[in-house]
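Worksheet: one structure, shown below.
Chain letters run A, B, ... following the sequence lines, proteins first, then strands; residues in each count from 1. Keep in mind that this is a model prediction, so the values were computed, not measured.
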Amino acid sequence: MNDRKGTWKVKAGLAEMLKGGVIMDVVTAEQAKIAEDAGAVAVMALERVPADIRREGGVARMSDPGLITAIIEAVTIPVMAKCRIGHFVEAQILESLGVDYIDESEVLTPADEEHHINKHVFKVPFVCGCRDLGEALRRITEGAAMIRTKGEAGTGNVVEAVRHMRAVTGAIRQLHGAGPEELVMEAKRIGAPADLLEETARLGRLPVVNFAAGGIATPADAALMMQLGCDGIFVGSGIFKAENPSARAKAIVAATTYFDRPDILADASKSLGKAMRGLEIGAIPQEELLAGRGW
Amino acid sequence: MSAARRRVGVLALQGDFREHLAALRACEVEGVAIRLASDLEAVDALILPGGESTTMAHLMEPTLKQSIQQRAAAGMPVMGTCAGMILMAREIADGRPDQQPLKLMDIDVRRNAYGRQIDSFEADITSPAIGGSAPAVFIRAPQVSQHAPDVEELARHGDQAVALKQGNRLALAFHPELTPDRRWHQYFLSLNGKTR
């Protein structure tokens with residue numbers, strides 16, 4: 001049969017199917033089932049959630065393949081996993097495990113300080129983080145089929161995700177009405193390929209799906225990011241570091257669907273127990289900020 | 001009701017409902033996002049989009065589910081694509097025990113039947129319903145393991161039926177909304193109400 005696998009359409013298409021949904025970090029097969037039961041569209045298989053990576057320090061690497069396989073076997077929804085920035089062999093291993101999406105993630109310790117992975121050579125799609133439009137378009141040109149804000153993972157503080165989302169949408173709005181020669185100059189200024197910037201200007205949005213990530217801890221946080229124009233939500237530490245993970249997970253799923261209905265958000269936010277303890281960004285030493293990893 | 005004045009609902013709980021709404025616009029039909037039972041009153045037909053079927057089933061209020069079933073029983077045309085096909089099924093093999101489909105078509109489906117994401121694919125699908133061949137995108141797609149005799153197979157891919165019709169209900173294992181070809185949407189819009 002003339003089946004075409006691993007095409008751009010198929011890679012970007014899975015991200016389209018995840019839209020309006022919540023992707024949850026899980027560290028065990030049991031947590032993966034709780035996430036699926038709560039309505040997650042996918043899970044991110046990890047050894048440690050970002051809050052623990054941040055607390056424990058040391059080099060953070062790809063998770064144990066045995067753990068990832070156990071999580072793949074536990075659920076019927078897509079399973080994502082993280083590799084280090086630039087570590088294309090970790091990505092090859094994740095692809096061979098049958099992972100559905102790879103997150104080349106600043107939450108892990110970068111393996112290459114200059115190069116991100118050439119993602120075009122993989123059949124499995126990649127999602128990458130960004131802080132602004134230039135960074136988003138650089139990742140897309142390397143083959144990322146989905147983008148997310150970097151935010152500041154493991155803090156339970158949404159402020160950086162908001163900053164990054166506003167940076168992307170604000171920059172796209174400013175492209176409106178720009179002539180071709182102005183777009184070339186803007187592409188040069190932000191370090192983005194001119195053709196992708198032109199496409200972004202024409203579409204009025206990124207050419208791939210854009211999720212929010214990094215610091216989302218409450219249903220209101222999720223709805224805030226959706227109202228700012230995100231296509232969906234990643235929740236890392238925010239669910240399983242909270243007092244009642246199952247109830248919070250369900251509430252964040254509901255909030256992502258009914259993001260523009262404050263009455264439903266109020267109802268969903270009731271009696272969820274304590275959220276994860278948050279961190280003020282200013283209180284984190286500069287060298288411990290994760291969003292600065294990658295370029 | 002004239003084609004120009006029809007309003008078609010798209011279930012908008014999760015998934016690629018915006019692509020279906022855009023496809024309807026391209027067909028010059030007004031699309032309406034459906035999240036609550038009351039939203040359904042304004043529409044003459046319904047599309048169940050692609051996405052995660054478990055998530056959509058989780059988010060579907062019992063009242064919305066009942067309304068969809070009642071309206072469909074009264075003759076409202078319904079189309080499901082991928083996850084939408086799963087929602088329309090009579091039975092979900094290998095599904096989750098709490099995932100109760102809408103039972104709008106006498107088809108039994110198996111989720112993720114082609115394998116994981118690396119097995120997702122594009123292929124050209126030929127059908128008399130669209131008067132020829134069109135590119136189709138299959139993403140972690142379901143397969144129909146069996147169906148009732150009055151379910152018509154409109155297209156096959158290899159040994160699998162990938163487009164099926166029963167009365168004015170249409171189930172597609174792929175995503176016509178992800179391609180610029182609008183013939184599957186036009187075919188759905190040509191199915192009238194109350195003919196079942």
Do the non-hydrogen side-chain atoms of B:Q117 and A:V79 ever get within less than 4.5 Å of each other? no
If you look at every heavy atom in A:R4 and B:D124, which pair is closest and at what distance? NH2-OD1, 3.6 Å
Max heavy-atom pair count under 4.5 Å with chain B, selected residue of A:K123, A:E95, A:E16: A:E16
Tell me, side chain or backbone of B:I139 under 4.5 Å from chain A's heavy atoms, or both, or neither? side chain
Value for OG (B:S120) from CE (A:M17), rounded to nearest 0.5 Å, stands at 10.0 Å
Shortest non-hydrogen pair, B:R116 vs A:I77, comes out as NH2-O, 4.4 Å
Rounded at 0.5 Å granularity, tell me how far CG in A:L97 sits from CD1 in B:I118. 9.5 Å
What part of A:A40 is in contact with chain B, defined as an atom under 4.5 angstrom from a non-hydrogen atom: side chain, backbone, both or neither? backbone
Identify which part of A:A38 has an atom lying under 4.5 Å from any heavy atom of chain B, answering side chain, backbone, both or neither. backbone
Does a salt bridge link B:D16 with A:K19, judged by any charged N lying under 4.0 Å from a carboxylate O? no
In terms of heavy-atom pairs under 4.5 Å with chain B, the winner among A:A42, A:G13, A:P78, A:G6 is A:P78
Find the one option among A:L14, A:T7, A:D231, A:V209 whose heavy-atom pairs under 4.5 Å with chain B are most numerous. A:L14
Going by heavy atoms in the side chains, are A:D3 and B:E122 under 4.5 Å from each other? no
Between B:H58 and A:D37, do the side chains contain an N or O donor and an N or O acceptor separated by less than 3.5 Å? no
Taking every non-hydrogen pair under 4.5 Å, which of B:V137, B:D119, B:N112, B:T54 racks up the most with chain A? B:D119
Where do A:T76 and B:R140 come nearest, in terms of heavy atoms and distance? O-NH2, 2.9 Å
Where along residues 253-263 of chain A does a heavy atom come under 4.5 Å of chain B, listed by residue number? A:V253, A:A254, A:T257, A:Y258, A:F259, A:D260, A:R261
